[in-house]
Amino acid sequence: MSSSTVSKKNYGVDVASYQSTTVNYAGAKFAFVKLTEGTEYTNPKAEAQIKSAKAHGLMVMGYFYANHSASVSKAMAEAKYAVAKAKAYGIPAGSYLADDWEQGSGNSVNGSTSANTDAILAAMQVIKEAGYKPLIYSGAYNLRNRLSISRIVKSFGTCLWVASYKVSGRQDYADFNYFPSMDGVAIWQFTDNYRGLGVDGNICLIDLKISSSSSQPKLANKSVESLSQHPVVKWNVGAVAVVSNAKGAYVYTSSKLDKKESSKLKPCGSVWQVFGLENGAVKVGKNQYFDGRAVYVKANPIAYNDAKHGIAKIVMPHTHALDAPKADAGKVYGLALNSKVEIQGRVGRFLKIKELHKGKQVYVTGNRAYIVL
């Protein structure tokens with residue numbers, strides 16, 4: 001039976017069609033299996049290698065060899081192709097899936113750092129939304145000089161799988177005197193000939209864990225505390241009401257709460273814009289009211305105060321930080337869908353990103369980055 005946890009400082013391998021369908025290497029606790037390359041090639045041994053890794057008790061993960069270079073659309077397509085094969089061949093939901101981004105075989109690392117990073121973030125977001133944990137694999141030089149590690153780690157946490165070898169040839173153990181120190185390293189590939197077995201050798205720097213969405217705690221329905229305390233709203237929405245009654249809440253046609261709009265309850269956890277309070281009722285539309293006891297109301301100070309700080313969530317794909325608070329501003333760098341950025345107020349509908357870019361203020365359009373209350 002395959003492992004679902006591997007503690008840090010354990011060894012693992014990564015295999016492709018060059019290796020045997022038997023994945024059983026001395027000392028290895030985890031295995032990455034190459035799934036795809038581009039959107040057409042599939043490793044013909046992938047399914048058998050995954051089954052073998054599981055049978056030998058290894059945590060099994062996957063990767064795809066990138067052909068997308070700095071193209072966001074190609075990166076998303078390649079990630080989707082790899083995800084489909086991961087699911088078909090038995091990579092467990094909640095396991096790790098890496099974008100192998102290096103020079104050669106149809107891939108170029110010579111685009112701008114910003115464009116390269118945009119593509120990587122797009123692929124990783126596809127992986128995340130499919131229920132896998134995204135990683136980016138490349139050599140230490142590429143990670144440091146061809147990508148923005150800070151943006152990647154900010155979006156996906158400890159997610160780097162870095163290749164850097166002490167020597168060319170056999171290595172049985174990782175020598176940390178040669179560790180390529182950088183932020184966000186999850187796994188270090190330290191040799192291309194682990195124990196003389198003709199397979200790449202890796203060591204994990206973090207505890208690895210397969211955790212599927214089905215294992216996540218389900219939403220409790222007993223109290224307001226079980227609801228999301230952080231609804232996401234547009235910059236100009238002053239307040240929202242979140243239905244907190246476990247059974248849901250009725251919408252009434254007046255603040256007297258004497259007539260229901262319909263017999264259908266609005267679900268617990270649903271979020272509504274607030275337009276006012278009347279007689280203890282919460283107005284959420286024209287002639288639409290909630291009983292104030294069935295919802296909780298949360299205000300958005302940023303809608304009223306240009307200088308308020310907060311967190312914004314990117315809600316549209318292909319969003320960029322801008323060099324000025326105007327519609328025709330220049331694009332500075334990409335912001336991954338569903339990633340979060342700290343802001344320090346706004347200029348009209350443009351949010352000011354707290355982190356300066358090369359010492360200069362940058363912005364994000366308010367309809368692309370909603371406020372996390």
Legend entry - Backbone of R368 reached by a side-chain donor or acceptor of T365 within 3.5 Å: no

Legend entry - Test: K9 cationic atom under 6.0 Å from F176 six-membered ring centre, within 45° of axis: yes

Inset, instruction - Linking directly or through intermediates, with side-chain heavy atoms under 4.5 Å: list the remaining ILVMFWY members grouped with L337, chain and number order. - result: none

Inset, instruction - Kindly say whether the aromatic ring centers of F179 and W188 come within a distance under 6.0 Å. - result: yes

Inset, instruction - Could you verify whether a donor N or O on one side chain and an acceptor N or O on the other, from T191 and K166, lie under 3.5 Å apart? - result: no

Legend entry - Side-chain cluster (under 4.5 Å, hydrophobic types only) that Y65 belongs to, other residues: none

Inset, instruction - Check step by step if side chain to side chain contact (heavy atoms under 4.5 Å, CB included) holds for R349 and N236. - result: CA-CA 8 Å; R349 63 186 178 91; N236 58 350; over 6 Å; no

Please set out all donor-acceptor pairs under 3.5 angstrom arising from side-chain atoms of residues 302-313, sequence neighbours excluded.
from	atom 1	to	atom 2	distance (Å)
N305	OD1	A307	N	2.9
D306	OD1	R346	NH2	3.3

Inset, instruction - Would you mind listing every side chain to side chain donor-acceptor pair (under 3.5 Å) that reaches into residues 194-209, with sequence neighbours excluded? - result: D14-N202, W161-N202, Q189-D200

Inset, instruction - Tell me, yes or no, whether the heavy-atom count around K29 atom NZ, taken from other residues, nucleotides or ligands under 6.0 Å, exceeds 12. - result: no

Inset, instruction - Would you mind listing the cluster partners of Y289? Hydrophobic ones only (ILVMFWY), side-chain contacts under 4.5 Å, chaining allowed. - result: Y250, Y252, L257, L265

Legend entry - Polar side-chain atom of Q273 near backbone of V237 as donor-acceptor pair, under 3.5 Å: no

Inset, instruction - Following the transitive rule for hydrophobic clusters with a side-chain heavy-atom cut-off under 4.5 Å over Ile, Leu, Val, Met, Phe, Trp and Tyr, establish whether Y132 and V153 coincide in one cluster. - result: yes

Legend entry - Given K87, K85, K80, the one that forms side-chain contact (heavy atoms from CB on, under 4.5 Å) with V83: K87

Inset, instruction - Give a yes or no on whether a salt bridge exists between K264 and E261, defined as a side-chain N under 4.0 angstrom from a carboxylate O. - result: no

Legend entry - F275 reachable from W272 in the ILVMFWY side-chain graph, under 4.5 Å edges: no

Legend entry - S138 side chain vs W101 backbone, donor-acceptor pair below 3.5 Å: yes

Inset, instruction - Give the other cluster members for Y178, using side-chain heavy-atom distances under 4.5 Å between Ile, Leu, Val, Met, Phe, Trp and Tyr residues; answer none if it is isolated. - result: none

Inset, instruction - Check whether V162 and F156 end up in the same hydrophobic cluster, where Ile, Leu, Val, Met, Phe, Trp and Tyr are linked by side-chain heavy atoms less than 4.5 Å apart. - result: yes

Legend entry - Electrostatic pair R151:D118 at N-O distance under 4.0 angstrom: yes

Legend entry - Under 3.5 Å donor-acceptor, D291 side chain and R293 backbone: yes

Legend entry - Heavy-atom donor-acceptor pair, T117 side chain to L147 backbone, under 3.5 Å: no

Inset, instruction - Establish, yes or no, whether a centroid distance under 6.0 Å links the rings of H357 and Y333. - result: yes

Legend entry - Connected via hydrophobic side-chain network under 4.5 Å: M182 and I152: yes

Inset, instruction - Report whether I203 and V13 are members of the same hydrophobic cluster (ILVMFWY, side-chain heavy atoms less than 4.5 Å apart, transitive linking). - result: yes

Legend entry - Exercise: identify the closest heavy-atom pair between A123 and A79: O-CB, 3.6 Å

Inset, instruction - Look only at the side chain of N107 and the backbone of E102, and say whether a donor-acceptor pair between them is shorter than 3.5 Å. - result: yes

Inset, instruction - May I ask you to decide if P267's main-chain N or O and S270's side chain share a donor-acceptor pair within less than 3.5 Å? - result: yes

Inset, instruction - Decide if atom CG of D183 counts as having more than 12 heavy atoms of other residues, nucleotides or ligands within a radius under 6.0 Å. - result: no

